[in-house]
2 protein chains.
Amino acid sequence: MTATRGHTPVGERLPTLEDVARVAGVSRATASRVINGIRNVDPQLNEQVWNAVGATGYVPNRLARSLVTRRTGTVALVVSDSEAHDDDPFLGRFFADPYFGRVVGGLMSVLRQAGVQLALQIVGTPDQRTRLVGDLRHGQADGAVVLSLPAHDPLPRMLTDAGVPAVLIGRPPEPVPIDYVDLANDTGAALAADHLVGRGARQIAMISGPADVPASSDRVSGFRRAMARHGHGWVPIEHGNFTRESGEAAMRTLLAAQPGLDGVFVANDLMALGAQTALRNAGRRVPDDVRVVGFDDSSAATAASPALTTIRHPLEDMAAEGARLLLARVEDRTMRVSSVIYEPTLVVRDSA
Amino acid sequence: MTATRGHTPVGERLPTLEDVARVAGVSRATASRVINGIRNVDPQLNEQVWNAVGATGYVPNRLARSLVTRRTGTVALVVSDSEAHDDDPFLGRFFADPYFGRVVGGLMSVLRQAGVQLALQIVGTPDQRTRLVGDLRHGQADGAVVLSLPAHDPLPRMLTDAGVPAVLIGRPPEPVPIDYVDLANDTGAALAADHLVGRGARQIAMISGPADVPASSDRVSGFRRAMARHGHGWVPIEHGNFTRESGEAAMRTLLAAQPGLDGVFVANDLMALGAQTALRNAGRRVPDDVRVVGFDDSSAATAASPALTTIRHPLEDMAAEGARLLLARVEDRTMRVSSVIYEPTLVVRDSA
DNA sequence: AACACTTCGGAAAGCGCTCTCCAACCATCC
DNA sequence: GGATGGTTGGAGAGCGCTTTCCGAAGTGTT
């Protein structure tokens, strides 16, 4: 069936508010009021208008509406990657990682109910950043959720300066007056430390992520502090870059330097997978010879063998809270800048 | 610094084209032409306008522009889930699955370069479908990429009827004149069959997905046909629902019915993971006692132990092609309806 | 019955932009 | 020198909607 079958035809174009008004025998203003439920309108006219809406098959034009209301019913999900080239393979990995999807899922769980849609934006170059901020100031979207990847990202600051409602997933690398949700990474690391020690490990090392990523450095400092409390004033740490391969390499290095190692905390599950491979290749059994604790409780953790003991962050909940925070700020821009920190939990499986 | 620092102030509001024109000493029309690079404009005026743009910090308002050009520079990514309740836990799983992210990554790789952004939409109820189609007809987005989950989804048909440019990822369950990209699921299943037989398996079964999902039924029929060619006129098949748990359960059932089983093709990696667990619990070694072949080559496949032999689909490439197809149709709506089918490949790892 | 007070619908002014006309201008040609 | 053709810039009409501002009713009070 064609789209207008059964409707009062109005030529080729889509029915507009004008058409509805004409059919209902009222003015455009009245039709608008009825449709938006503004002010008391005579029940009689009210019905006439709704009938006309039905007869014409009218659907409001969001664009036109947004132009005047300055509200779009859209928030931007900005993936900020300072090194992004146009076909950065890194981005492919990023999207394929469940991290991205979990964030989207968490956001959508809140946004859907508010009837808000999510527009995905990727920015890499300074140029793209400027354009993005410009578009956002124009109300291209009502606000932005920022997934900031690089260590020194000017974007959060630019957004606050421009007065764009924005919320960060993960704390800003440098202090910026911006709303954010984050995980207590240090507490999570401490949980891992306590567990390793509790399981009787004596020679404990850590495989960390890049030093300049906040989440990563927080895990390092949290782990160091907790280990110190357990009497380990110094902990060998090897850096990786959150990939499986880097975890495997780091584990080999660690093992070479300290063959008696019997416990390792790895800053994410993917690297932990690599570490397990390295351990297996070195003839170590997990968890009997070496205890391994990961971080993230990603799907990799349950797929691993032995299944990974790891630190779980409620990423969906965090993202959902971020969405709520953003929506609140869109509503009231003068709201006090706030942050919400989530506590991670230890998930004990087989690796430690 | 405030946003207008260093700019010719124009009061509280953002600079408009009008402001630029005034500063440049030309008419709004001329300023518009310069900014959009239309027609030959006197180089002198051209420069004046660009200077004015710099001086005012002007950024075009996309909304206003879209309203008149009827082009938004946005395509919608529609996740169609007929059973979606407002807080459907299924959707959470869907987003967390790398499938979603890989599609997004593939789409973005093309869309980014075209300067097009992606707006995520989830539709479940008939009501939401109608609204979505209405919005799309209005040019809320230039087109739609549809991820259709349910078996009998009216959405594809609705979109073509409404004349909205759209492309499906995965073939439509019922024939609809709509562009789509898909995987040769049957060929992939045949690959698995050949491999299992080639490895010497004699008693082969399959764990399939829901019968009414095209991708799933194609894998079943492809597998059956290939097995028939190898002389296995009949293959026991147990249904799962693509989750790990259902794979485990299906494997147990299969094993109970046919203890001598020595090869199994599982319609996706996640269920294959579950199947491996069930096999291990039943004291079967993989691949020595039972060979296992999965499907998808998801991250679960490499994380599994033993690592999964599986069928790889180039999902990113497929999504990218989908984006290209859509962009082409947006450009030329009369384009012939076309589909692109990708060939899967066998990835041999340790499980078979 | 005259007054103030409230309620309600319509006219019209935008929101910021594009693009069609049309007038003005320049160069060219007979 | 006037007619011709080709550029180029400006005026202004929209795109579809919301919302302010008013005037016209309707309600209640003295």
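Here is how names work: the chains are called A, B, and so on, in the same order as the sequence lines, proteins then strands, and each is numbered from 1.
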Nearest atoms (heavy-atom pairs only) where B/Ala114 meets B/Leu327
CB-CD2, 3.9 Å

Which one of A/Asp179, A/Val337, A/Val176 satisfies the side-chain contact (heavy atoms from CB on, under 4.5 Å) criterion with A/Thr160?
A/Val176

Round to a whole Å and report the spacing from CG of A/Leu17 to P of C/dA12.
17 Å

Would you say B/Thr69 reaches C/dT18's phosphate, i.e. side-chain N/O to OP1/OP2 under 4.0 Å?
no

Would you kindly give the CD1-to-P distance between B/Ile35 and C/dG16, to the nearest whole Å?
14 Å

Within this structure, what is the CG-to-P distance between A/Asp42 and C/dT6, rounded to whole angstrom?
21 Å

Taking the inter-plane angle between the rings of B/Phe100 and A/Phe100 on a 0 to 90° scale, is it parallel (under 30°), tilted (30 to 60°) or perpendicular (over 60°)?
parallel

I want to check one thing: is the phosphate of D/dG10, taken as OP1 and OP2, less than 4.0 Å away from some side-chain N or O of B/Ser27?
yes

Using heavy atoms to find the nearest nucleotide of DNA chain D for A/Asn61 and B/Ala29 separately, return the residue whose nucleotide is more 5′.
B/Ala29

When rounded to whole Å, the CG to C1' distance for the pair A/Leu63 and D/dG16 reads 10 Å

At under 4.0 Å between heavy atoms, what does A/Arg70 touch on the DNA or RNA strands: base, sugar-phosphate, or nothing?
sugar-phosphate

In whole Å, what is the span from the CZ atom of A/Arg28 to the C1' atom of D/dT18?
9 Å

Without decimals, in angstroms, what is the distance between A/Glu18 CD and C/dA11 P?
10 Å

Min side-chain heavy-atom separation A/Val123-A/Val78 under 4.5 Å:
yes

Round to the nearest Å and state the distance from A/Leu67 atom CG to C/dC17 atom P.
9 Å

Around B/Glu47, counting heavy atoms of other residues, nucleotides and ligands shown, do more than 12 lie under 6.0 Å from its CD?
no

Could you work out which one of C/dT18, C/dG9, D/dT18 sits closest to the side chain of B/Arg65?
C/dT18

Between D/dT18 and A/Asn36, is there an OP1 or OP2 to side-chain N/O distance shorter than 4.0 Å?
yes

What about B/Arg33, does its side chain sit under 3.5 Å from the base of D/dG10 through a donor-acceptor pair?
yes

In this structure, how many angstroms lie between the C1' atom of D/dC15 and the CZ atom of B/Arg62, rounded?
18 Å

Within the 4.0 Å heavy-atom criterion, would you say A/Ser32 contacts the bases, only the backbone, or no part of the nucleic acid?
base

